[in-house]
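Remarks on the structure that follows.
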Amino acid sequence: MKKRLIQNVRLAPANAITSPFLLLHLKTKAFLVHKLSESTNPILTNLLHTLTVKLGLVSDTFTVNLLINSYVKLREVNTARKVFGEMCQPNVVSWTSVISGFNDMGQPQTALSMFQKMHEDRSVPPNEYTFASVFKACSSLAESRIGKCIHARFEISRLRSNTVVSSSLVDMYGKCNDVETARRVFDSMIGYGRNVVSWTSMITAYAQSGRGHEAIELFRSFNASTTLDRPNQFMLASVISACSSLGRLKWGEVAHGLVTRGGYESNNVVATSLLDMYAKCGSLSCAEKVFLSIRCHSVITYTSMIMAKAKHGLGEAAIKLFDEMVGKRIKPNYVTLLGVLHACSHSGLVNEGLEFLNSMAEKHGVIPDPRHYTCVVDMLGRCGRVDEAYDLAKTIQVGAEQGALLWGALLSAGRLHGRVEIVCEASKRLIQSDQQVTSAYIALSNAYAVAGGWEDSESLRLEMKRSGNVKERACSWIESKGSVYVFHAGDLSCDESGEIERFLKDLEKRMKERGHRGSSMITSSSVFVDVDEEAKEAMVNLHCERLALAYGLIYLPAGSTVRIMNNLRMCRDCHEAFKLISEIVQREIVVRDVNRFHCFKNGSCTCRDFW
DNA sequence: CTAGGGTTAG
């Protein structure tokens with residue numbers, strides 16, 4: 001039956017020679033096909049659509065596929081789907097075009113349900129192209145469960161893996177935070193070859209799961225191989241962001257050199273990642289230089305620079321930049337507003353921050369979500385308006401993951417201002433959120449201990465052990481002349497601790513003499529109440545950044561730059577404290593504020609190697 | 001003469 005159909009189609013040109021009408025028809029069809037494949041104009045495409053109907057070509061799968069793709073390119077995916085729905089013989093190209101159309105429109109969920117329909121239909125089996133598109137949809141949704149099922153379906157489909165399908169799988173597993181599986185797929189690709197895209201997917205998988213060292217390592221092997229291409233803008237952007245999360249300015253500068261050599265400086269994505277890298281590695285002036293070199297600004301370039309200034313405690317400058325951006329009619333999004341709130345929070349502009357929160361929906365069309373509220377709770381908490389912070393936190397409806405961040409912010413506020421009842425409440429909520437927040441157990445246990453509730457403290461510790469909540473060692477690190485020294489919290493118990501404590505106490509005294517007041521995390525000495533050894537260690541955890549700072553200041557040569565990288569939650573007090581410390585010890589201090597959740601895991605050396 | 005993969009700000 002099918003065979004005869006194909007034969008009939010093949011016969012058509014032979015008939016055409018004898019029929020002038022058919023000949024005209026074929027010529028028109030060739031014209032239509034040509035125009036459809038190059039149309040970037042909605043009016044033209046609509047016209048060609050009408051022509052398709054008039055010529056009776058709606059039953060011609062090939063022509064209608066082109067029509068679908070034309071609508072997909074014009075981002076009119078719903079029209080594309082409508083045309084697709086009216087087809088009598090959709091083939092695998094028709095299905096794949098619609099699926100990838102939904103991907104392009106940021107509707108991966110719909111792409112997946114189209115694939116499901118295709119599967120239920122059973123008339124057209126998917127091919128490699130279809131699978132690659134579907135894996136991309138799973139990647140955007142970070143849907144590892146569905147992704148694995150479809151991967152299995154691909155494996156039993158007797159289709160052969162190729163570079164593109166496997167690259168999309170590497171990307172998918174990477175985005176689903178299953179780096180090991182991503183690596184297994186990547187390693188399995190040896191048989192049919194890997195290209196720049198496959199390598200980029202794997203490097204990105206490492207970079208985005210806090211495994212920057214492995215990302216850089218892989219980038220090195222890519223460059224070492226003589227048979228492969230040079231890195232392109234995609235790979236460089238990813239590598240630069242790996243340098244940012246590692247805080248390695250030196251490596252970031254090398255990557256910048258590669259950007260220049262490759263001529264990718266004018267690429268906005270690359271420039272934005274460079275800007276962010278310089279800001280996170282402590283060099284705001286270089287970040288600013290990159291920002292000024294950008295010709296065509298977008299909401300993303302502005303947001304990055306606002307965030308950069310926010311991190312460096314330049315709240316007013318960040319707000320000024322925000323106003324400049326709005327003045328240029330660039331519409332802020334929710335990230336931009338997060339940056340602005342962040343700026344207010346880190347510069348003590350509390351009333352301005354509250355004003356932004358209350359007016360952002362009306363003025364900028366961005367409805368505050370839990371992340372914005374968390375930022376404001378954090379801001380109120382830092383400056384001591386803990387009760388307001390608590391009242392605000394209570395009113396917010398959040399899911400478990402967001403809840404952990406929200407109550408985590410309140411927990412540090414309670415801890416910073418010695419509010420035991422807030423610490424208790426926040427810790428309880430954190431533990432309820434069930435997000436593996438060990439710090440909540442420790443804080444709550446300490447709070448009970450401080451309040452004298454020893455039995456509660458003890459039972460909580462047992463609960464921790466029972467639930468397998470293993471404590472991760474906090475760490476901080478400093479960089480000097482390209483070497484990185486890592487300090488783990490436990491190291492304070494080593495022989496030098498006496499000298500460190502004396503140094504910090506002396507520093508605090510001298511800062512008081514110079515009129516510095518306030519309780520920045522750097523100078524405030526830890527309060528050890530009479531708790532057991534384990535609790536003491538937990539408290540020391542909070543202060544490993546002080547340890548790193550002290551080591552850096554005492555043992556690095558005068559005049560050198562002390563680059564501190566940790567997960568300090570900077571506030572205006574901290575910035576002022578650093579300025580003062582800088583003057584007192586006559587070292588340039590560069591602080592970098594890394595993402596709290598990007599823990600430095602593969603330290604190249606520890607405290608002991610430093611000596 | 002139709003279709004597929006990678007990157008950035010929180």
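Below, read A as the first sequence line, B as the second, and so on, with proteins coming before strands; counting in each chain starts at 1.
One can place CD1 of A:Ile300 at 11 Å from C1' of B:dT7, the figure rounded to the nearest angstrom. Per the geometry, CZ belonging to A:Phe84 stands 13 Å off C1' belonging to B:dA3, to the nearest Å. Across the protein-nucleic acid pair, A:Tyr373 atom OH and B:dG10 atom P stand 22 Å apart, rounded to whole Å. Rounded to a whole Å, the CZ atom of A:Arg194 is 16 Å from the C1' atom of B:dG5. Here B:dA9 presents its P atom at 14 Å from CG of A:Leu338, a figure rounded to the nearest Å. In this entry the distance linking CZ of A:Phe62 with P of B:dA3 reads 9 Å, nearest Å. Per the geometry, CG belonging to A:Leu275 stands 15 Å off P belonging to B:dT8, to the nearest Å. Following rounding to the nearest Å, A:His297 (NE2) and B:dA9 (P) show an atom-to-atom distance of 17 Å.
Taking 4.0 angstrom as the limit, A:Gln208 places none of its side-chain polar atoms (N or O) nearer than this to OP1 or OP2 of B:dT7. At B:dA9, none of the side-chain N or O atoms of A:Lys309 fall inside 4.0 Å of OP1 or OP2 (strictly under the cut-off).
Counting any heavy atom pair closer than 4.0 Å across all strands shown, A:Asn127 reaches a base atom. Base engagement by A:Thr303 is indicated by at least one non-hydrogen atom pair under 4.0 Å involving a base atom. Residue A:Ser238 is classed as having no contact, given no heavy-atom separation below 4.0 Å to the nucleic acid. Using a 4.0 Å heavy-atom cutoff across all strands shown, A:Asn195 reaches at least one base atom of the nucleic acid.
Of the candidate nucleotides B:dT8, B:dG4, B:dT2, B:dT2 has the atom nearest to the side chain of A:Leu66. Across B:dA9, B:dT2, B:dG5, the shortest atom-to-atom separation from the side chain of A:Thr272 is found for B:dA9. Checked against B:dA3, B:dT2, B:dT8, the side chain of A:Ser97 finds its nearest nucleotide in B:dA3. Ranking B:dG4, B:dG10, B:dT7 by closeness to the A:Phe234 side chain, first place goes to B:dT7. Here the nucleotide nearest the side chain of A:Lys311, chosen from B:dA3, B:dG10, B:dT8, is B:dG10. Side-chain proximity of A:Thr204 to the nucleotides B:dT2, B:dT8, B:dG5 is greatest for B:dT8. Closest to the side chain of A:Ser133, from the set B:dT8, B:dG4, B:dG5, is B:dG4. Listed candidates were B:dG10, B:dA3, B:dT8. Nearest to the side chain of A:Val269 is B:dT8.
The stretch residues 169-178 of chain A touches DNA chain B through A:Asp171, A:Lys175, each having a heavy atom within less than 4.0 Å of the strand.
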Enumerate donor-acceptor pairs with a distance under 3.5 Å from any side-chain N or O in residues 233-242 of chain A to protein atoms, sequence neighbours excluded.
from: A:Ser238; atom 1: OG; to: A:Thr204; atom 2: OG1; distance (Å): 2.9
from: A:Ser241; atom 1: OG; to: A:Ser238; atom 2: O; distance (Å): 3.1

Identify each donor-acceptor pair in which a side-chain atom of residues 182-190 of chain A lies under 3.5 Å from a protein atom, sequence neighbours left out, and give them as a table.
from: A:Arg183; atom 1: NE; to: A:Asp187; atom 2: OD1; distance (Å): 3.1
from: A:Arg183; atom 1: NE; to: A:Asp187; atom 2: OD2; distance (Å): 3.4
from: A:Arg183; atom 1: NH1; to: A:Tyr206; atom 2: OH; distance (Å): 3.3
from: A:Arg183; atom 1: NH2; to: A:Asp187; atom 2: OD1; distance (Å): 3.4
from: A:Arg184; atom 1: NH2; to: A:Thr181; atom 2: OG1; distance (Å): 3.4
from: A:Ser188; atom 1: OG; to: A:Val185; atom 2: O; distance (Å): 2.6

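Taking all atoms of both residues into account, the shortest heavy-atom contact from A:Gln89 to A:Thr61 is O-OG1, 3.0 Å. Closest of all the heavy-atom pairs between A:Val165 and A:Asn162 is N-OD1, 2.8 Å. Between A:Val290 and A:His256, the shortest heavy-atom contact is CG2-CE1, 4.5 Å. Of all heavy-atom pairs between A:Pro125 and A:Val92, the closest is O-CG2, 3.7 Å.
Side-chain to base pairing of A:Asn333 with B:dA9: one donor and one acceptor N or O lie within less than 3.5 Å of each other. Counting atom types as modelled, A:Asn162 pairs a side-chain N or O with a base atom of B:dG4 as donor and acceptor under 3.5 Å.
Comment: A:Lys82 engages A:Glu86 in a salt bridge, judged by a side-chain N to carboxylate O separation of less than 4.0 angstrom. With salt bridges taken as basic N to acidic carboxylate O contacts below 4.0 Å, one links A:Glu180 and A:Arg211.
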Steps toward side-chain contact (heavy atoms from CB on, under 4.5 Å) verdict (A:Met202, A:Phe222): CA-CA 11 Å; A:Met202 195 60 231; A:Phe222 176 83; over 6 Å; no

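The aromatic ring of A:Tyr129 stacks onto the base of B:dA3, its centre lying under 5.5 Å from the centre of the six-membered base ring with the two planes under 30° apart.
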